[in-house]
Structures are given as C-alpha cells and as structure tokens.
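Note that the structure is a prediction, hence the values are computed from the model and not measured.
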Amino acid sequence: MEITERVAVLGLGRMGLPLARRLDGAARELVVWNRTPGRAEGLTAAASPEEAVRGAGVVVTMLADPAAVSAVADRFRPALAPGTLWIDMSSIGPAAVAEQRGRLPDGVDLVDAPVLGSVDAAAAGSLVVYAGGEEPALDRAQPVLERFGRVVRCGGPGAGAALKLVVMGAVVSSVTVVGEALAVAERLGVPAAQARRALAAGPLAGVMARVDSTDADFPIRLAAKDLALAGGGPVFAAALAALLADPARAELDLAAAAG
C-alpha cells in the first residue's frame with residue numbers, strides 16, 4: 001500500500017532509525033527528529049519536535065519509556081493539526097497510552113503500535129507490530145506499519161500496548177529463568193554445552209534461540225522497564241529483581257541475563 005502522506009518520525013535510537021529508513025522513499029515526504037542531534041544519517045532532519053510534526057499527516061514516535069513519550073509529546077502536541085494521526089511505537093503500556101489519548105487535540109487520533117523484534121528485524125522489515133486503536137485509524141496506519149513487518153490488530157485503543165507487555169513479560173522472565181537453570185547446571189556439574197543443548201531441544205527452544213542470538217540489541221534496562229510496566233506477580237517480580245541486580249549490565253543485551 002502506498003504512503004501518500006507526509007510522515008514525521010521522532011526518536012532515532014536503536015529502533016527508531018531503522019524504522020525511519022524503512023519509510024525513506026516509501027512515504028511521500030519524510031522528516032525526522034532526535035533529541036540528540038547528528039543521528040539523521042542523511043534523512044531530512046527537523047530542529048525540534050514542533051517543526052517535525054508541522055504539516056505531517058502521520059507522526060511516528062519510537063521513544064524509550066512513558067516519561068520520554070510524555071516529554072516529547074508535550075512539545076509537539078500543540079503543533080498537531082486536526083486530521084493528524086499519531087502512531088506511537090514505544091513500549092509504554094496501556095495506562096500511558098490512555099493518558100496520551102486523553103490529552104490529544106480535537107481531530108487527532110492515536111494508534112499504539114509497539115513491536116516485537118530487535119534491530120535486525122527493524123532493518124529488514126520483519127518485526128511483529130501489535131496495533132491498537134479505532135478501526136479507521138488502524139486502516140490509515142496500515143500502509144506505514146506494514147513497512148515494518150507483520151501487523152497484528154489487537155483491538156481498540158491500548159490493546160497493542162497491553163499485548164506487548166504480556167509477551168515481553170513472558171520472554172524476559174523466561175530468559176532470566178534460563179540464566180538460573182544454567183547456574184544450577186554448573187552447580188550440579190552438568191557441562192554448560194550439554195545443558196544448553198538439552199534446553200534448546202525442549203519446550204524452551206524459542207527462548208534459547210533468543211539467548212543465543214548474536215543480532216539482537218535489546219538492553220537489559222529496557223527489558224526491566226517492560227517488566228515493571230507489566231506488573232504481574234512473584235515470577236515477574238523475581239525476574240525484574242534479577243535484571244536490576246547489577247547496574248553495570250544495564251546496556252548489555254537481554255541475553256546477558258542468561259549468563
């Protein structure tokens with residue numbers, strides 16, 4: 001499907017930049033903005049969020065957490081014209097999505113569309129996109145979102161943000177459990193390679209594929225953020241505590257949580 005509107009992408013971090021590149025040449029016009037200058041790498045850059053969204057039909061944000069989304073949205077919200085569609089691809093949870101929807105100007109709609117997958121999948125356009133919103137807004141967002149991968153329509157506003165936390169809660173907790181299982185293997189004298197092969201051959205094959213991935217780039221600090229947003233019970237809480245136990249690992253990929 002053709003993208004016939006001017007698109008603004010705000011946030012050019014690990015995921016935001018490859019997403020913007022996916023839209024370069026596909027959108028009628030593309031402008032980008034990042035809090036730290038110098039990240040545009042040849043894309044047309046605006047000097048501020050307000051400048052980026054002015055005249056854009058679609059605004060895409062990919063930011064670190066609810067606080068970052070709120071801070072950037074406070075800057076660009078007054079510049080949103082009626083008819084603008086805001087697609088937030090940040091992982092911020094349904095409560096933050098509801099808060100942002102409640103502060104939208106009249107005539108502006110919001111689709112929450114967090115993704116499953118890492119930097120390599122973002123560059124290749126093979127992410128899974130969990131999209132929530134009203135059907136007309138989802139229809140309008142579809143040509144943009146399908147540039148990033150497979151779009152899963154989850155339901156109404158906040159539904160995409162909610163499903164992302166469910167999935168990430170399970171994935172992140174499972175990776176930390178693998179780490180504990182490998183520590184148990186070491187204590188019991190089971191060779192690490194043998195333990196890994198056994199885990200990879202059973203029900204945890206998908207988790208082991210994530211642990212052994214050399215392409216993923218999902219910092220532990222962001223995994224901890226998703227777990228904290230998910231809430232949950234004692235298992236998620238224990239996984240969160242394990243992730244936060246060593247601040248020196250915060251920027252390492254999640255696989256480091258498995259040792």
Side-chain angles (χ1 to χ4, degrees), residues 1-11 15-16 19-20 22-23 26-31 33 49-50 52-63 65-117 122 125 127-169 226 229-231:
M1 297 172 67
E2 186 181 3
I3 303 173
T4 60
E5 300 181 275
R6 182 178 191 263
V7 180
V9 176
L10 284 70
M15 296 293 286
L19 295 184
R22 294 285 307 169
L23 296 175
R28 180 175 64 82
E29 185 180 355
L30 176 69
V31 63
W33 173 84
E50 305 94 304
V53 307
R54 200 166 287 122
V58 178
V59 175
V60 177
T61 49
M62 177 58 98
L63 301 163
D65 52 35
V69 171
S70 182
V72 174
D74 284 349
R75 295 181 62 182
F76 71 69
R77 191 181 298 108
L80 295 175
T84 304
L85 172 65
W86 174 16
I87 304 173
D88 181 49
M89 307 192 72
S90 319
S91 184
I92 61 174
V97 169
E99 179 184 356
Q100 292 303 321
R101 284 184 63 85
R103 302 177 67 187
L104 288 176
D106 290 340
V108 175
D109 210 343
L110 172 62
V111 164
D112 49 288
V115 301
L116 185 65
L127 295 165
V128 178
V129 183
Y130 296 130
E134 304 293 349
E135 281 298 318
L138 291 172
D139 289 341
R140 188 175 169 195
Q142 184 72 24
V144 173
L145 296 180
E146 67 185 16
R147 292 291 303 171
F148 308 139
R150 178 169 62 91
V151 181
V152 179
R153 296 197 182 190
C154 303
L163 183 57
K164 170 65 183 292
L165 294 186
V166 171
V167 173
M168 289 311 298
D226 283 356
L229 287 172

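Contact of the Pro105 side chain with the Arg77 side chain is registered, since non-hydrogen atoms from C-beta on lie closer than 4.5 Å. Using a 4.5 Å heavy-atom threshold, the side chains of Val69 and Gln100 count as touching. Counting heavy atoms from C-beta on, the side chains of Leu229 and Asp65 never come closer than 4.5 Å. In this structure the side chain of Phe148 never reaches within 4.5 angstrom of the side chain of Met62, judged on heavy atoms. Residues Arg28 and Glu5 have side chains not in contact (no heavy-atom distance under 4.5 Å, counting atoms from C-beta outward). Annotation: side chain of Met15 is not in contact with side chain of Met89 (no heavy-atom distance under 4.5 Å).
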Could you walk me through whether Val151 and Leu138 pass side chain to side chain contact (heavy atoms under 4.5 Å, CB included), step by step?
-> CA-CA 10 Å; Val151 181; Leu138 291 172; over 6 Å; no

Are Trp86 and Phe76 close enough, and set up right, to give a ring pair (Phe, Tyr, Trp, His ring centres under 6.0 Å), and what steps lead you there?
-> CA-CA 11 Å; Trp86 174 16; Phe76 71 69; 5.2 Å; yes

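Residues Ala81 and Val108 come closest through the heavy atom pair O-CG2, 3.5 Å. Looking at every heavy atom in both residues, Leu127 comes nearest to Leu19 through CD1-CD2, 3.8 Å. Residues Val60 and Val7 come closest through the heavy atom pair CG2-CG1, 4.1 Å. Thr84 and Arg140 make their closest contact through C-NH1, 4.1 Å (heavy atoms, listed as atom of the first residue, atom of the second, distance). Nearest heavy atom pair, residue Leu165 against residue Gly93, reads CD1-CA, 3.7 Å. Considering every non-hydrogen atom in both Cys154 and Leu163, the closest pair reads SG-CD2, 3.7 Å.
The CG atom of Leu104 sits 7.5 Å away from atom CG of Leu80, with the distance rounded to the nearest 0.5 Å. Atom CG of Leu110 and atom CG of Leu85 lie 8.0 Å apart (nearest 0.5 Å). In this structure, the separation between CZ on Arg22 and CG on Leu30 is 13.0 Å, given to the nearest 0.5 Å. A distance of 7.0 Å separates NZ of Lys164 from CG of Leu116, quoted to the nearest 0.5 Å. Distance check, rounded to the nearest 0.5 Å: CG of Asp112 to CZ of Arg101 gives 8.0 Å. To the nearest 0.5 angstrom, Gln142 atom CD is 10.0 Å from Ile87 atom CD1.
A salt bridge links Asp74 with Arg103: the closest approach of a Lys/Arg side-chain nitrogen to an acidic carboxylate oxygen falls below 4.0 angstrom.
Residue pairs meeting the salt bridge (Lys or Arg N to Asp or Glu O under 4.0 Å) criterion with at least one member in residues 141-154, sequence neighbours excluded: Glu135-Arg153, Asp139-Arg153.
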